Structures are given as structure tokens and as C-alpha cells.
Trainee: 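Right, I'll just put the structure down here and ask away after.
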Protein chains: 2
Amino acid sequence: MASRTRKSERRTEALTRERILEAAVELLDATGEGGLTFRALTERLVTGPGAIYWHVANKGELLDAATDTVVAAALAIEPAESADSPQGEIRAVALGLFDAIDEHPWLAAQLATQLSRSPWGAVAPRILESIGRQVRALGVPEGSQFTATSALMHYILGAAGQNAANGRVLGPGVDRSEFLDATSRAWKELDPDDFPFTRAVADQMRAHDDQAEFLAGIDLILAGITAVHPPTT
Amino acid sequence: MASRTRKSERRTEALTRERILEAAVELLDATGEGGLTFRALTERLVTGPGAIYWHVANKGELLDAATDTVVAAALAIEPAESADSPQGEIRAVALGLFDAIDEHPWLAAQLATQLSRSPWGAVAPRILESIGRQVRALGVPEGSQFTATSALMHYILGAAGQNAANGRVLGPGVDRSEFLDATSRAWKELDPDDFPFTRAVADQMRAHDDQAEFLAGIDLILAGITAVHPPTT
DNA sequence: ACCTGAACACCGTTCAAGT
DNA sequence: ACCTGAACACCGTTCAAGT
């Protein structure tokens, strides 16, 4: 009982909103959407639920804040390969979000929920801003900048959301090509009358590379923007 | 007690998976995501939870099936203005999904959740098929059909998801222009250094029309497809 | 001002028992 | 084969009480 002076490591270094958010993100990353509970959170933070409610209004706010934090971090990353063209910058922003959703798969569903709850809340302006600056640099006339930027943002959110799953479906046992194979086979067994197209592209889907496909979509939209708003060289 | 022959209207007409799905969709439409509980469902169907579990594996399957039903119905609608061009058909398909999400706002988040759980489950092939046929008709070379179709699908899911909120945020008291006004004002008060673009487009966002904006995005992607894969006239 | 922790209402799911 | 309904484990949230 003499060596009690040290106590057992650090315990409380005061509970802050930041520490709570940090723990929430860790919990979400480790255990998925269902893993974030107030019980798990109190255990990890060594407190009671009341303490958390002192810093955070409710679970919804907690999720929103966690989402915002992660998105902000993803957009803050300066692309290593400093793309010099606006197109390159847009690709970099898109890939940043793509990777963030890949690292934090819960982001996909959470972004959708949040955007559909408060469409222009905190997250949307962040993404809009990152892309919009480049759209402007592309020479898109002022009156069309919002439309072009929104289109890119919506594509990114839709595509990244679905692609996030690829990293998640593949549990410990399943590997990627095995999964794609199975899906491809399933598509080929669809009703020929109802699903001729899907059957026909089953092989393309099997061979596809998530990130390359994602960027090809970005490039398609960029090509559309350039076609509709040709740069006044 | 003599007039008991009639009984009190219909009571049980046997519980089927279809009746359960129907009730689930009604409940979701009426009370939102949080409103679908097994208690509410048993009350509406006048049974116990066990009866529902006999027809449905669990709540997740119930939600997936409800989503699939609604999406299938939305895609089955033949556009009244029978668009003759592939572009017109694609716009019609897109608008069908847009409207479905508008009518069933819970669809947005549910689609995202479902797609991020099983990316190529039941819903994705349906959408892929509807759009893909038209992409093919557009003359896109075979090797690029999957990419072009996916891009359209992802944009639609992303955009419709966010736009769904507009119909939902507006409760009884709030009207649309009031809401856009408030958002627009909020954007103009963002930090000028961090959000120059968002501040600049605040007025465009305020004046924008959801459906027109949505279709403008579709057209942008269609323009991109045409630019990258010019029709071999 | 910040934290504790028992208590409450509610949820998804199970399962022995009925028909 | 299909349904009943009590029971279980778990969840978000509250709040009187402490410091």
C-alpha cells in the first residue's frame, strides 16, 4: 500500500467534447455503426452517461459532430502530388473523401442521414467550398457554378457511399475478387428478359477497379462541364 | 347480441409478407424512420411480434424489402410523356427516383445504408438496368457502358438523397423559400477567408429549383458522355 | 461548473405454448 | 404451418444527488 503514490496511470484528464468525439470515432471505426452506444462510450471514457450529456446534447448531435470532424480532416489534407490544374485538384478532393469513407465505412450512411436531415448543414458547405473554388478556376460562368459544383458533390457522395461497402463487405474470410466473382455470377443468372443490360455488363463489373471507376465518373462530369462551358482560351 | 353474425368488419385476412411490407411502408411514410417499430407494426396488424418474425427474418430484412418494393414501383412507372430519345428516358428514370424519394423521405438514408451494406444487392441492379439500356441506346461503346451507367446512378442517389430533405425539413410551419432564405443568409455569414465560394453562390442556392437543378446535373453528365463518346452518326 | 449512477421508458428478438 | 404474448437483454435519456 506504500507504492500507491503513483496511482494507476492517468485516469481523468478532464472530459471534453473533443475527447468524447475522439472516442466516438474510434468506437465507430472499430465496431461499426451499431457499436457506438453510450454504455461503450462511458466504459471507454470511464464515466457515467450524465457526464457525456453534459458536453453533448444527444446521440444525434454526437454523430453529426463526429461526421463533421472526419470530413473536415479529409478535406484539410493537402494533396501530396500537388495537382496544378483545377481538374487535378477536383480529383484530389474527390479522392480524399473517397479514402475517408473507405477508412471510416460508417461515414457513408451517416453522411446520407445527415444530409437528408439538414441538407445544407455543416458538411455540405465544406465540400461545396473545396470543389467550388476549382470549378470557378475552370472558367465556369458564375451563374452555372452552383449547378456544376453540386453535380460533382452529389456524384462523390453517391459513389463513395456505395464503394465504401466494398471495403466492408469483405470480412476476414472473403477477399475482393471472390466477392466480385460471386456478384458477377449472380448477375448472369438474372432473368434475361428483365435484366439484359445488367447481365451484359456483369464482366465489366467483375473486372472493375473501385478507385479507377470512381475517377472515371469524375472525369465524365468534368468533360460535361467543359463541353457545356468551353474555356474561353 | 343477435347481430353478431357480421362480426366487426374484416379482422384477419391472414398475415402475409406482403401485408407486412405494406404496413411497414405506410408506417415509414407516416412517422419516419423512427416510427417503424415492431410494437407499432403489431398494433397496426393486430398480432404479436412472433407472427411477424414468422414471415420476416428481422428488422433489417424488413427495411431492405420495403426499400426494394418502393424502388421497384418507382422504376416500373412508364413515363407519361413517352420520351423518345435515350436522354429523355434517362431523365424520366431519374425523375421517377427523385419523386419516389420525395414521397418517401426515409428512402434516402435507407438506400445509402443498404447500398453500403450490400453494394450490389437487389436495388442497384434495378437502377443499373433502367439506365443502362438507355446508355447503350446512346451508342456508348460496350467497354464504357458500366462506367457511364454507374456515374449516372451514383449522381442520382447522391442528389436525390439530399433533395429529399428539402421536403422533410419543411415542417408544418416552415415554408420552402423561408428555409432557403435562412440558409442563404447563414452562408453569407461564413468566414470570408474559409468560405469565399460558398458565400458567393449563396444567392444561386437561394434561388435554385430542386427539380431543375437535379435535371441540370443529369444533363451535365449526359453532355460528358456524349463528349467522351461522340455518337457515330 | 462538472460529474455520478440508479432509474425509466422503449426497443428488437426469442421461445415455450397454443391452434 | 402459423400465431400468441410474456420475457430478456439492451438501448438512449433523465435527474436527484454529489463535488
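Each chain gets a letter, A, B and so on, in the order its sequence line appears, and its residues count up from 1. These numbers were taken from a predicted model, which means no experiment stands behind them.
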Trainee: Where does the angle between the aromatic ring planes of A:W120 and B:H208 fall among parallel (under 30°), tilted (30 to 60°) and perpendicular (over 60°)?
Mentor: perpendicular
Trainee: Watson-Crick or G-U wobble partner for C:dT19, using a 3.5 Å limit on both distances?
Mentor: D:dA1
Trainee: Any salt bridge between A:E22 and A:R17, counting N to O under 4.0 Å?
Mentor: no
Trainee: Taking any heavy-atom pair under 4.0 Å as a contact, classify B:L41: base, sugar-phosphate, or nothing.
Mentor: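 Counting heavy atoms under 4.0 Å across all strands, no contact is made by B:L41.
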Trainee: How many Å lie between CD on B:E43 and P on D:dG5, as a whole number?
Mentor: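 From B:E43 CD to D:dG5 P: 14 Å.
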Trainee: Rounded to the nearest angstrom, tell me the gap between atom CZ in B:F38 and atom C1' in D:dA9.
Mentor: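 Whole-Å distance recorded here is 16 Å.
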Trainee: Should the pair B:E129-B:R133 be classified as a salt bridge under the 4.0 Å nitrogen-to-oxygen rule?
Mentor: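 Yes, charged N to carboxylate O under 4.0 Å.
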Trainee: If you take any heavy atom closer than 4.0 Å to DNA chain C, which residues from residues 52-68 of chain A end up in contact?
Mentor: A:W54, A:H55
Trainee: Does the side chain of A:E213 pick up a donor-acceptor pair with the side chain of B:S150 at under 3.5 Å?
Mentor: no
Trainee: In terms of side-chain heavy atoms of A:T47, which of D:dC3, C:dT4, D:dT13 is nearest?
Mentor: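 Of the options given, the side chain of A:T47 lies nearest C:dT4.
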Trainee: When both hydrogen-bonding distances must be under 3.5 Å and the geometry is Watson-Crick or G-U wobble, what is D:dC8 paired with, if anything?
Mentor: C:dG12
Trainee: Name the closest nucleotide to the B:A51 side chain, picking from D:dG5, D:dC3, C:dA7.
Mentor: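 Looking only at side-chain atoms, B:A51 lies closest to D:dC3.
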Trainee: Can you work out whether A:R39 or A:G48 has the more 5'-proximal nearest nucleotide on DNA chain C?
Mentor: A:G48
Trainee: Please tell me which of A:L36 and A:G50 maps to the more 5' nucleotide of DNA chain D, matching each residue to the nucleotide holding its nearest heavy atom.
Mentor: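 Closest to the 5' end, via its nearest nucleotide, is A:L36.
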Trainee: Indicate, with yes or no, if the rings of B:F146 and A:F197 have centres closer together than 6.0 Å.
Mentor: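 For B:F146 and A:F197, the ring centres are not under 6.0 Å apart.
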Trainee: Between B:R199 and B:E189 (salt bridge meaning N to carboxylate O under 4.0 Å), is one present in this structure?
Mentor: no
Trainee: Can you name the residues that form a side chain to side chain donor-acceptor pair (under 3.5 Å) with B:Q204, not counting sequence neighbours?
Mentor: none
Trainee: Write down the distance between CZ (A:R17) and P (C:dC2), rounded to a whole number of angstrom.
Mentor: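 To the nearest whole Å, that distance equals 14 Å.
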Trainee: Write down the distance between CD (B:E33) and C1' (C:dC10), rounded to a whole number of angstrom.
Mentor: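 Between C1' of C:dC10 and CD of B:E33: 18 Å.
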